[in-house]
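Being a predicted model, the structure only gives us computed values, none of them experimental.
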Amino acid sequence: MDLIKMIEDEQIKENLTSFDVGDTVKVDYKVIEGTRERIQTYEGTVIKKQGEGIKSTFTVRRLSYGVGVERTFPIHSPRIENLTVTRKGRVRRARLFYLRERQGKSSKVREKRIY
């Protein structure tokens with residue numbers, strides 16, 4: 001077996017929360033500032049998922065003081081403490097880049113009905 005593949009397989013997280021594009025998620029991310037360590041919460045809509053295996057990432061977009069902010073997280077990062085899905089979205093696309101031009105109510109994603 002390939003040495004790089006073996007190292008990547010050791011670092012893959014087993015207990016991942018299932019989420020899709022369009023979901024509103026809350027990511028608890030460990031931030032290191034000098035010698036101190038704290039957990040920062042980042043909440044927003046998932047607009048993109050890409051890659052496979054250890055290299056897979058997802059991008060979360062939120063509005064902060066009227067300005068759109070996007071942040072990309074590696075799914076299998078050891079710095080992600082917790083990932084919580086707060087709202088399931090109903091979308092028909094794999095990439096929600098059209099949300100970048102929208103503000104206010106038009107930037108909302110419909111909620112998925114669960115029967």
Side chain to side chain contact (heavy atoms under 4.5 Å, CB included) for K49 and S56? Distances and angles first, verdict last. CA-CA 7 Å; K49 280 175 77 173; S56 57; over 6 Å; no
How about R87 and E111: do any of their side-chain heavy atoms sit closer than 4.5 Å? yes
Are L16 and V85 connected into the same hydrophobic cluster when the rule is that any two of I, L, V, M, F, W, Y join if their side-chain heavy atoms are below 4.5 Å apart? yes
Under a 4.5 Å cut-off applied to non-hydrogen side-chain atoms, are V91 and D20 in contact? no
Given the rule that I, L, V, M, F, W and Y join up when any side-chain heavy atoms are under 4.5 Å apart, are Y42 and V31 in one cluster? yes
Distance from F58 atom CZ to F19 atom CZ, nearest 0.5 Å? 4.5 Å
Can you name the residues that form a ring-ring contact (aromatic ring centres under 6.0 Å, His included) with F97, not counting sequence neighbours? none
Spell out, as yes or no, whether a donor-acceptor pair under 3.5 Å connects the side chain of K13 to the backbone of S77. yes
Under a 4.5 Å side-chain heavy-atom rule over Ile, Leu, Val, Met, Phe, Trp and Tyr, are V46 and V69 clustered together? yes
Using modelled atom types only, decide if a donor and an acceptor are shared between the side chain of T17 and the backbone of L83 within a distance under 3.5 Å. yes
Would V109 and L99 count as a side chain to side chain contact (heavy atoms under 4.5 Å, CB included) here? Give the steps. CA-CA 9 Å; V109 176; L99 292 178; 4.2 Å; yes
Selection residues 21-41 - residue pairs positive for side-chain hydrogen bond (donor to acceptor under 3.5 Å, both in side chains), sequence neighbours left out: D23-K88, D28-T41, K30-E81, E33-R38
Is it the case that more than 12 heavy atoms not belonging to R90 sit under 6.0 Å from its CZ atom? no
In Å and rounded to the nearest 0.5 Å, what is the CG to NZ distance from L3 to K5? 13.0 Å
Applying the 4.5 Å side-chain criterion to the ILVMFWY set and letting contacts propagate, would I75 and F73 be lumped into a single cluster? yes
Qualifying side-chain hydrogen bond (donor to acceptor under 3.5 Å, both in side chains) pairs with a residue from residues 96-107, counting only residues at least two apart or across chains: E70-R100
Are there over 12 heavy-atom neighbours, none belonging to I32, within less than 6.0 Å of that residue's CD1? yes
Value for CD (E8) from CE (M6), rounded to nearest 0.5 Å, stands at 12.0 Å
In the structure I gave you, are the side-chain heavy atoms of T59 and Q50 within less than 4.5 Å of one another anywhere? no
Measure the spacing between CZ of R95 and CD1 of I47 and express it to the nearest 0.5 Å. 9.5 Å
